[in-house]
K.L.:
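Take this structure first; my questions come after.
None of the values given here were measured: they were computed from a predicted structure. The chains referred to below are lettered A, B, ... by the order of the sequence lines, with proteins before strands, and numbering in each begins at 1.
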Amino acid sequence: MKNADIPWIEGTVGTPVGDVPRVRTSLTSRDCLGALARRWTLGRSSFTVAPGLYAVGVPSAESVVLVTANYKMSFDRLRRELTGIDAWILVLDTKGINIWCAAGKGTFGTDELVHRVKAVGLEQVVTHRKLILPQLGAPGVSAHEVRKRSGFHVVYGPVRAADLPRFLSAGMKADPEMRRVRFGLADRAAVVPVEIVQGGGHVLLIAAAFTLLGGLGPDGYRLDRVLSVGIPDALLVLGAFLGGAVLTPLLLPFLPGRPFAWKGMCTGLFVVLVLWAALHGLPGTPGPLALAAWLAMGAALASFVAMNFTGASTYTSLSGVRKEMRYAVPAQAVAVVVGLALLAVARFTGIHG
Amino acid sequence: MPVFGLKYIRGVTTLQLDTNACTGCGMCLTVCPHAVLAPACCGKVAIANRDACMECGACARNCPVGALSVQAGVGCAAAIIQGALRGTEPTCGCCDDGKGTSCC
């Protein structure tokens, strides 16, 4: 795509290394729709920005250089904060991955930064030797090595682009709050769609299987049981999944325990109990044995899904996740096996507990 | 404002600080997203909030004298499962093909 066809580019700025595209600082509805689609992982292919140098406002040789990833959402979050600021933006090739994730993988890293600085001829564009990086790029970038290899001094800016104007006007000083990562309700809600999309397909299949299995009983297969038993079972599966994928992230700080698997188990038990009471009453006609089976399986499913939310969180460590998985995964497996066995006994013996 | 209730499993981090090597330059204080380190006596830093460490590795990578070490990695169950299945280190396989969902 030519620059002239890109809606977020408006003209160019002349430099000793040639014309540099100037980007708009206001987002259009198309940018926002793209971000929304990305959250739901639709149309995922074209959410990148070409790596290289860009201009904001009317930058000069003294203007600051802000470094970001070529994930469009990272780039958009940066440019929308820069109204009234003259700056250069250096976009690194992170293969379309956000800054923090790319830093963890090393693609937002020392090598790519040093390479990109040289590739765009940055030392001819600016007279100073400073690069402002987002703080969350630090896991991938070694500031002292960048200095040694490129002559540029790395300054770590705030975690959030929204704090950049304040950081710049304070003379590149961040207050402690700007340096802290948060994981508030809005942050957690924003990553819920990814959880639903990632697990949703499998869960629908499981729910469909239980719908069909509902017809089985001591007297063979009966279609009316698909409705009276199969459909409620499928709803329990979906409910437990949503307990792990939606309720657990949203209620994260208020759920008991520190391991995510434990938090998910609690939500799973709660959701199954509430749904069961609504569908069958307590203990209801399917009986306490079937209820126990679903509590075990629902807790296991929600626990597993919640455990996978560790990757979307901003405060879990590899050592910690390993530790919780060591007991959570076997426990989840046992709960599923026991749950299936109990359900089979309840179904085929006609024992209602 | 403290993040209410968002505290992860205690006593697991692999973060280590060699106080003798530390020059007190403060780079680790700048890059840590969870204020794990704090200025301490005699122009050095100290690990002040060990259990908040998420092992991102930013401090170790940016310590010019190698005073900090940590087994850095992603605190992501899906990545650990991926790694176990492929026989590799934990990896966000979702990001590698350039089209998968970003789990991070």
K.L.:
Show, in sequence, the C-alpha distance, side-chain angles and deciding distance for A:R179 and B:T30, and conclude whether the side chain to side chain contact (heavy atoms under 4.5 Å, CB included) test is met.
P.N.:
CA-CA 7 Å; A:R179 297 239 167 267; B:T30 298; 3.5 Å; yes
K.L.:
Tell me, for B:C56 versus chain A, whether the close heavy atoms (under 4.5 Å) come from the side chain, the backbone, both or neither.
P.N.:
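Contact with chain A involves both backbone and side-chain atoms of B:C56.
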K.L.:
Return the CD1 to CE distance between B:I80 and A:M325, rounded to the nearest 0.5 Å.
P.N.:
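Result: 5.0 Å between the selected atoms.
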K.L.:
Assess whether side chain to side chain contact (heavy atoms under 4.5 Å, CB included) is satisfied between B:I81 and A:N308, documenting all intermediate values.
P.N.:
CA-CA 10 Å; B:I81 294 171; A:N308 279 287; 4.2 Å; yes
K.L.:
Would you mind telling me which of A:S319, A:A261, A:P176 has the largest number of heavy-atom pairs within less than 4.5 Å of chain B?
P.N.:
A:S319
K.L.:
As an exercise, state the distance from NZ of A:K323 to OH of B:Y8, rounded to the nearest 0.5 Å.
P.N.:
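Answer rounded to 0.5 Å: 10.0 Å.
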K.L.:
Between B:H34 and A:T314 (side chain of the first, backbone of the second, donor and acceptor by atom type, cut-off under 3.5 Å), is there such a pair?
P.N.:
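Between the backbone of A:T314 and the side chain of B:H34 there is a qualifying donor-acceptor contact (under 3.5 Å).
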K.L.:
Is the backbone N or O of A:L318 less than 3.5 Å from a side-chain atom of B:E55, with the two atoms forming a donor-acceptor pair by type?
P.N.:
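Present.
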K.L.:
Given a strict heavy-atom distance threshold of 4.5 Å, which part of A:F309 is in contact with chain B: side chain, backbone, both, or neither?
P.N.:
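Interface part for A:F309: neither.
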K.L.:
Nearest 0.5 Å, please: how far is SG in B:C32 from CZ in A:R180?
P.N.:
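If we round to the nearest 0.5 Å, A:R180:CZ and B:C32:SG are 7.5 Å apart.
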K.L.:
So, the side chain of B:N62 versus the backbone of A:V141: is there a donor-acceptor pair under 3.5 Å, distance only?
P.N.:
yes
K.L.:
If only atom types and distance count, is the side chain of A:S317 paired as donor or acceptor with the main-chain N or O of B:G75 below 3.5 Å?
P.N.:
no
